[in-house]
Enquirer: 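Encoded as structure tokens, here's the structure I'll be asking about.
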Amino acid sequence: MFDEPTPAVSDRVRSLHGEMTLDEKLAQLVGFWVDQGDDIVAPLQGEMATSTLYTDASAHGLGHLTRVYGTRPVDPIERAQWLWSEQKRLRETSRLGIPAIVHEECLTGLAAWQAATFPTPLAWGAAFDPTLVAEMAAVIGGSMRELGIHQGLAPVLDVVRDPRWGRVDECISEDPYVVGVIGTAYVRGLQSQGVHATLKHFVGYSGSQAGRNHAPVHAGPRELADVYLPPFEMAVIEGRARSVMNSYAEIDGLPAAATPAYLTDILRERWGFDGVTVADYFSVAFLHTMHQLAPGRGEAAALALRAGVDVELPTGDAYTAPLRELIAQHPELVALVDRAVLRVLSQKEELGLLDEQFETPPTVIDLDSPTHRNLARRLAEESVVLLRNDALLPLGAAPGLRIAVSGPNAAGHAALMGCYSFANHVLAHHPETPLGFDAPSVLDGIRERFAAAEITFSAGCAVEGDDRSGFAAAIADAKDADVAVVVVGDSAGLFGRGTVGEGNDVSSLDLPGVQRDLVTAIAATGTPVAMVVLSGRPYALDWALDGPDAVGAIVQAFFPGEEGGRALAPILAGDVSPSGRLPVSLPRSAGAQPYSYLHPLLGGPSEITTANSTPVRPFGFGLSYTSFQYTDLSAPETAPTSGELGVSVTVTNTGKRGATDVVQLYAHTPYRSTTRPVAQLIGFERVALEPGQSAIVTFDVPSGRLAAAGLDLVRRVEPGEVELWVGTAADRATSGSTTLVGEAHDVALSDRRVTQARSTLSPAAQPVPELSATN
């Protein structure tokens, strides 16, 4: 795939470009938000809103139509009919007849009314299943293509650095390799349907100071090279992503939208990206209003174009009249405009827009089909993480079982969905509009699965606020029950509406409101408590996990989507053994942040500091209803710095239940030219095993997985010892070592980036005595 030449601009595109006036060129570089209104779904949308009439904005053609389906609840078929007629109008009445690209948000499913909502990206990371994520993305892309949508603003490839940041809910993991592998799978799935994926936010956005949205980033070039850039590199080179969106961030005083080093030097010249870059909403104008880098919007446009931002979204605040006025004084800027226009026209040609006649809009479409729902449920089930189990779960389903369900997230669909779901992103502004599809709550799922049980429900409290008036009813229910299921966590929203999501950054990682008090009050009754956490970030749960106030069991679900209620109940019952693993470390406190398991020796606990940053549960942690044993880790004595490292391990289900394990291979490379993390995930594989059954899992690790930015910032594999183990980031269940030999190897574009894993199953055996799965 790496021998393919970079596609050249076609004769057709060059000819079309040659006919264009300056106004027609500029029109191709902007979007128009037809439905932009008072509902705030983008940062500073009210302040940045333009008053340009649509007919005026599209007089010379149009580059993009912004969120045609995803700004307010519209009937999909009626909207499609409008869209087809509008595209036909652009084709027939504009001088050059070029249709517009339609883009939409699609992070947890197409953000449109009646469309399926899948688990949030943190759940993708918890599932450790890139194949299933690719399947999900393909059905999302299919729905988009049917509706005439050409570009999706996903996936988010920001690496989690600080759980206080509100947009953690949109991220996949704190590990850049997991982000890269799963994000690339999403890209491949979406683009398999003819819809272009947009990687965001390039680059460094998640490293914002103190976890504050839009705050400055203080990452050094080595952290950029080893943490923030690799997921994007993988998605561009391995996934062939066709679009990239710039970050709002400024890194060491350089806003990404104005920095050619990121959008041109790295993205295009180093990686060979030949797609289109689009601005995050209003980020070009922000160079003037927020970063105060440019004295006006025309100057902001010039900076962004020079850096490599091809298309201004969501509207033409800088690339239209302000840029045109500046060009009158600086005609040399036309060359930058031409560069961007050729890229946009090439994208439209690639998408088939230059030939599409828009004759037949869809008349029937199912945006929430059984296929959508099956994938949503499978991914939700795989993503649930069991954090603690003191012999409480599974509950079974014996007749007469008395279950007291409580907690603010037990009833209602909103708690199942993330910030960028249509329900929480848009419908929150339209409470009179029904959801448009079935999304049973956790309470619904429990009532359905435990039909023979006696079930009561009292919310107890809200997610936010200090109202304890509901405690008494929840406590009374618990006293009369065999088990209490308390469902707590987050409420996703934007810019102050909710507890997590874009703009909802926090200074505390305690559960919001009085939810902790509700849990401890119910636990004080003596009734065993199973705490279910539905959240968009990891919370400090040390009080519930360990010590005298620990509850019987804790289940973590990162916004599991429309089928989350039905996925959680069978796990509580024991029909499904939990197989999710933490994609982020479970923090000890907000004061220990920022934290990543990818820290050097001095980044962890030591005798020279009294501050303890050790998480209460490490990256990769997750319990099961069975137990797994790792033995016989095997690696060669030496391996080449420029080749592959073969590692194998035997995993055995030593319990009495069939279940799936996530086998994780870690490495540490001490004594190199720069400091290295004490642990680094270099491969993983999901393996389903029956009781007593074993599998040999083999990892073919490309040497580049052990690379790091050297003294010259070139990512390089250096010779030396490699410590290897299988377990979690903090638990070496079985270990070994090898030595890399040969000359130092600079990672090349043609080098493989993904560890290939395979498992060979043995015949199922009789169960052996079960090891404890409690913690």
Side-chain angles (χ1 to χ4, degrees), residues 162-166 168-169 210-213 404-419 424 428 431 441-443 456-479 481 484-527 529-551 554-559 586-593 616:
D162 191 329
R164 295 174 297 178
W165 192 50
V168 165
D169 137 71
R212 289 173 44 241
N213 200 34
V405 180
S406 62
N409 278 350
H413 61 263
L416 301 172
M417 303 177 190
C419 165
N424 291 331
S441 66
V442 175
L443 177 61
T456 60
F457 169 66
S458 298
C461 66
V463 170
E464 299 180 86
D466 58 3
D467 184 359
R468 292 172 166 80
S469 61
F471 277 29
I475 291 169
D477 286 348
K479 286 179 177 178
V485 177
V486 189
V487 189
V488 297
D490 271 322
S491 171
L494 288 86
F495 311 117
R497 181 171 44 80
T499 59
V500 75
E502 186 173 1
N504 289 331
D505 314 310
V506 296
S507 58
S508 168
L509 290 176
D510 294 331
L511 282 175
V514 294
Q515 295 182 86
R516 173 177 175 173
D517 293 344
L518 175 66
V519 175
T520 55
I522 291 174
T525 66
T527 299
V529 171
M531 186 169 83
V532 177
V533 184
L534 300 180
S535 69
R537 62 161 58 91
Y539 279 101
L541 303 176
D542 54 318
W543 55 275
L545 283 163
D546 306 304
D549 294 328
V551 299
I554 302 178
V555 172
Q556 171 72 61
F558 296 109
F559 292 141
L586 203 67
R588 182 168 301 278
S589 68
Q593 306 310 308
V616 292

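Every value quoted in this text rests on a predicted model; they were computed, and no experiment measured them.
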Enquirer: Do you know the tightest heavy-atom contact between Ala544 and Met531?
Expert: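 Here Ala544 and Met531 meet closest at CB-CE, 3.8 Å.
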Enquirer: Enter the distance from Asn409:CG to Phe559:CZ here, rounded to the nearest 0.5 Å.
Expert: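 Here the interatomic distance stands at 7.5 Å.
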Enquirer: Check for a donor-acceptor pair, side chain of Ser491 on one end and backbone N or O of Thr499 on the other, with a separation under 3.5 Å.
Expert: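 Pair absent, no side-chain N/O of Ser491 close to backbone of Thr499.
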Enquirer: Side chains of Val442 and Leu416: does their closest heavy-atom pair fall under 4.5 Å?
Expert: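 Yes, their side chains come closer than 4.5 Å.
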Enquirer: Rounded at 0.5 Å granularity, tell me how far CD in Gln515 sits from SG in Cys461.
Expert: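 That separation rounds to 5.5 Å.
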Enquirer: Can you check whether Thr527 reaches Ile522 side chain to side chain, under 4.5 Å on heavy atoms?
Expert: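 With C-beta onward as the side chain, the pair stays apart.
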Enquirer: Rounded to the nearest 0.5 Å, what separation is found between the CD atom of Glu502 and the CG atom of Asp169?
Expert: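 Spacing of CD (Glu502) from CG (Asp169) equals 10.0 Å.
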Enquirer: Keeping the roles fixed (side chain from Arg212, backbone from Asp505), state whether a donor-acceptor pair exists under 3.5 Å.
Expert: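 No, Arg212 side chain to Asp505 backbone: no donor-acceptor pair under 3.5 Å.
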Enquirer: Where do Gly412 and Ser441 come nearest, in terms of heavy atoms and distance?
Expert: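 Heavy-atom minimum between the residues: N-CB, 3.4 Å.
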Enquirer: Measure across Gln593 and Pro587 and return the closest heavy-atom pair with its distance rounded to 0.1 Å.
Expert: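 Of all heavy-atom pairs spanning Gln593 and Pro587, the closest is NE2-CB, 3.4 Å.
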Enquirer: What heavy-atom pair brings Leu518 and Gly460 nearest, and what distance separates the two atoms?
Expert: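 Scanning both residues completely, I find the closest heavy atoms to be CD1-CA, 4.0 Å.
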Enquirer: Among Leu511, Leu509, Val616, which residue meets the side-chain contact (heavy atoms from CB on, under 4.5 Å) test with Leu541?
Expert: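 Of Leu511, Leu509, Val616, side-chain contact (heavy atoms from CB on, under 4.5 Å) with Leu541 is met by Leu511 alone.
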Enquirer: What closest approach, in Å, do Val514 and Phe471 show between heavy atoms, and which atom pair accounts for it?
Expert: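 Nearest pair, atom of Val514 first, then Phe471: O-CZ, 3.7 Å.
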Enquirer: For Asn424 and Cys419, indicate whether the former's side chain and the latter's backbone hold a donor-acceptor pair under 3.5 Å.
Expert: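 Side chain of Asn424 to backbone of Cys419, a donor-acceptor pair under 3.5 Å: no, none is there.
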Enquirer: CZ/Phe495 to CG/Asn213 distance, rounded to the nearest 0.5 angstrom?
Expert: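 Between atom CZ of Phe495 and atom CG of Asn213 there are 6.5 Å.
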Enquirer: Measuring from Leu586:CG to Leu545:CG, what's the distance to the nearest 0.5 Å?
Expert: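 Answer rounded to 0.5 Å: 6.0 Å.
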Enquirer: Between the side chain of Ser535 and the main-chain N/O of Arg537, is any donor-acceptor distance below 3.5 Å?
Expert: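 Indeed, once roles are kept as given, a pair shorter than 3.5 Å links the two residues.
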Enquirer: Are Pro163 and Tyr539 close enough that some pair of their side-chain heavy atoms sits under 4.5 Å apart?
Expert: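 The answer is no, as the side chains (C-beta and beyond) never meet within the 4.5 Å cut-off.
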Enquirer: Is there a side-chain contact between Val500 and Val168 (heavy atoms, below 4.5 Å)?
Expert: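 In short, these two side chains do not touch, never coming nearer than 4.5 Å.
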Enquirer: Donor-acceptor pair, distance only, cut-off 3.5 Å: does the side chain of Asn504 make one with the backbone of Gly496?
Expert: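 Confirmed, Asn504 side chain pairs with Gly496 backbone.
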Enquirer: Do Arg516 and Asp510 sit within salt-bridge range, that is, some charged N less than 4.0 Å from a carboxylate O?
Expert: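 No, this pair does not count.
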Enquirer: Look up atom CD in Glu464 and atom CG in Asp490, then write down how far apart they are to the nearest 0.5 Å.
Expert: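 Those atoms lie 9.0 Å apart.
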Enquirer: Testing the basics here: between Met417 and Ala492, what is the closest heavy-atom pair and its distance to 0.1 Å?
Expert: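 Taking Met417 first and Ala492 second, the nearest heavy atoms are O-CB, 3.6 Å.
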